[in-house]
Amino acid sequence: VFTERYNRSYSANTHEYFLRMINLQESMKRHQLLNAPSPDISCNMSARYGINQFSDLSPKEFREQYLTGEPAKVSQYPNQKAGGHRSEDMA
Amino acid sequence: LPAKFDWRDKNVVTEVQNQESCGGCWAFSVVGAVESVYAKGGHPLEQLSVQQVIDCSYQNQGCKGGSTIRALNWLMKTQEKLVHESEYPFKAATGVCHLFPLTHFGVSVKDFAAFDFSGLEEVMMQKLVEWGPLVVTVDAMSWQDYLGGVIQHHCSSHQANHAVLIIGYDTTGEVPYWIVRNSWGTSWGNQGYVYIKMGENICGIADAVAAVFV
């Protein structure tokens, strides 16, 4: 169902197929933890976690492929002297 | 400030994009902000070239990653004009930088502002309304599994690894939240958007916030 729904090309019983299946199972374990109710969360608007197009990726693959934004260090607003800036001194 | 604000209502936000297998979130967020601020100034809403930023912003690593602040600094320093997406289309891979004649149409960045608004998300709301959509960096590790709703947990601050664009907020419900445009296509999250609880720097959304001026 997953391969059809997300248009995956790997075929059944291949090495990649089993690798992806393990990732999918690990994802489902994560979803249970992420969806577990927490007392300080407002329930009816809470985020929901589950199967999506990234569920057959390992967290490492996901991080390497999609989480490639570098953190930036900027100063607290409105303290512009300490490095929060409006242009010039960025270099 | 209005209790609810969404730049999409002003028709200044382009469609959700899909970065596919290219790690160019930093370019998608920056170009999204330029598109919106240009339209906010009374110009037509036009999709500008993300590929141009990926290929030409030499201090970044193209589809292997980059920094929103470095990209903004490059845009401002070089006065590089962002051309239409159709003239320099996205191909999900880093390529050779294409140059255009000086007379060619394009949108350049005059200036930008970048600040840490942690603990000051109410001020950040004002700046969103005043300046336009905001480029932010976030910890998006748990977004691998996100389906919808308001993220209130499972996200760290000070560990940014992804760049997105805040285009609005909603404080009318039980949980006030930021409306954030991602670049993973419309099948992810809430039609490509993610909602993040306001006021607690969830996912580090207020750690590094940038606005552009065109």
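Note that the coordinates shown come from a computational prediction; the quantities given were computed from them, not determined experimentally.
Residues B:Ile167 and B:Asp6 have side chains in contact (heavy-atom distance under 4.5 Å, counting atoms from C-beta outward). Contact annotation: the side chain of B:Gln17 approaches that of B:Gln47 to within less than 4.5 Å [non-hydrogen atoms, C-beta and beyond]. Proximity of A:Phe54 to B:Trp143: side-chain heavy atoms (C-beta onward) are nowhere separated by under 4.5 Å. Proximity of B:Val34 to B:Leu48: side-chain heavy atoms (C-beta onward) are separated by under 4.5 Å at one or more points.
Under a 4.0 Å N-O distance rule, the pair B:Lys197/B:Glu121 does not qualify as a salt bridge. Taking the charged nitrogens against the carboxylate oxygens, A:Glu64 and A:Lys60 do have a contact shorter than 4.0 Å, which makes a salt bridge.
In this structure, the portions of A:Arg48 lying under 4.5 Å from any heavy atom of chain B include both its backbone and its side chain. Both the backbone and the side chain of A:Leu57 have a heavy atom closer than 4.5 Å to some heavy atom of chain B. Only the side chain of A:Gln53 comes within contact range of chain B, judged by heavy atoms closer than 4.5 Å. The part of B:Lys127 that comes within reach of chain A is its side chain, from C-beta onward, which places non-hydrogen atoms under 4.5 angstrom from that chain. Neither the backbone nor the side chain of B:Trp74 comes within contact range of chain A; no heavy atom of the residue lies under 4.5 Å from a heavy atom of that chain. In this structure, the portion of B:Thr137 lying under 4.5 Å from any heavy atom of chain A is its side chain and not its backbone. If you measure heavy-atom distances from B:Gln19 to chain A, the contacts under 4.5 Å come from the side chain alone. With a threshold of 4.5 angstrom between heavy atoms, B:Val194 does not approach chain A through any atom at all. Only the backbone of B:Asp207 comes within contact range of chain A, with at least one heavy atom under 4.5 Å from a heavy atom of that chain. Only the side chain of B:Tyr177 comes within contact range of chain A, with at least one heavy atom under 4.5 Å from a heavy atom of that chain. When heavy atoms are compared at a cutoff of 4.5 Å, B:Gln159 does not approach chain A at all. Within the 4.5 angstrom heavy-atom criterion, atoms from both the backbone and the side chain of B:Ser118 approach chain A.
Considering B:Val50, B:Asn182, B:Val136, B:Thr68 in turn, B:Thr68 is the only one that fulfils the side-chain contact (heavy atoms from CB on, under 4.5 Å) rule with B:Ser29.
Ranked by heavy-atom pairs under 4.5 Å with chain A, the first of B:Leu120, B:Ile196, B:Asn161, B:Val109 is B:Asn161. Taking A:Ser55, A:Ser27, A:Gly50 one by one and counting their heavy-atom pairs under 4.5 Å with chain B, the maximum is reached by A:Gly50. The residue among B:Ala160, B:Gly65, B:Ala208, B:Gly148 with the most heavy atom pairs within less than 4.5 Å of chain A is B:Gly148.
Enclosure of atom CD in B:Glu130 by more than 12 non-hydrogen atoms of other residues, nucleotides or ligands within 6.0 angstrom is indicated. For B:Gln79, the CD atom is densely surrounded, since the number of other residues' heavy atoms within 6.0 Å is greater than 12.
Between A:Asp56 and A:Arg20 the shortest heavy-atom distance is O-NH1, 2.9 Å.
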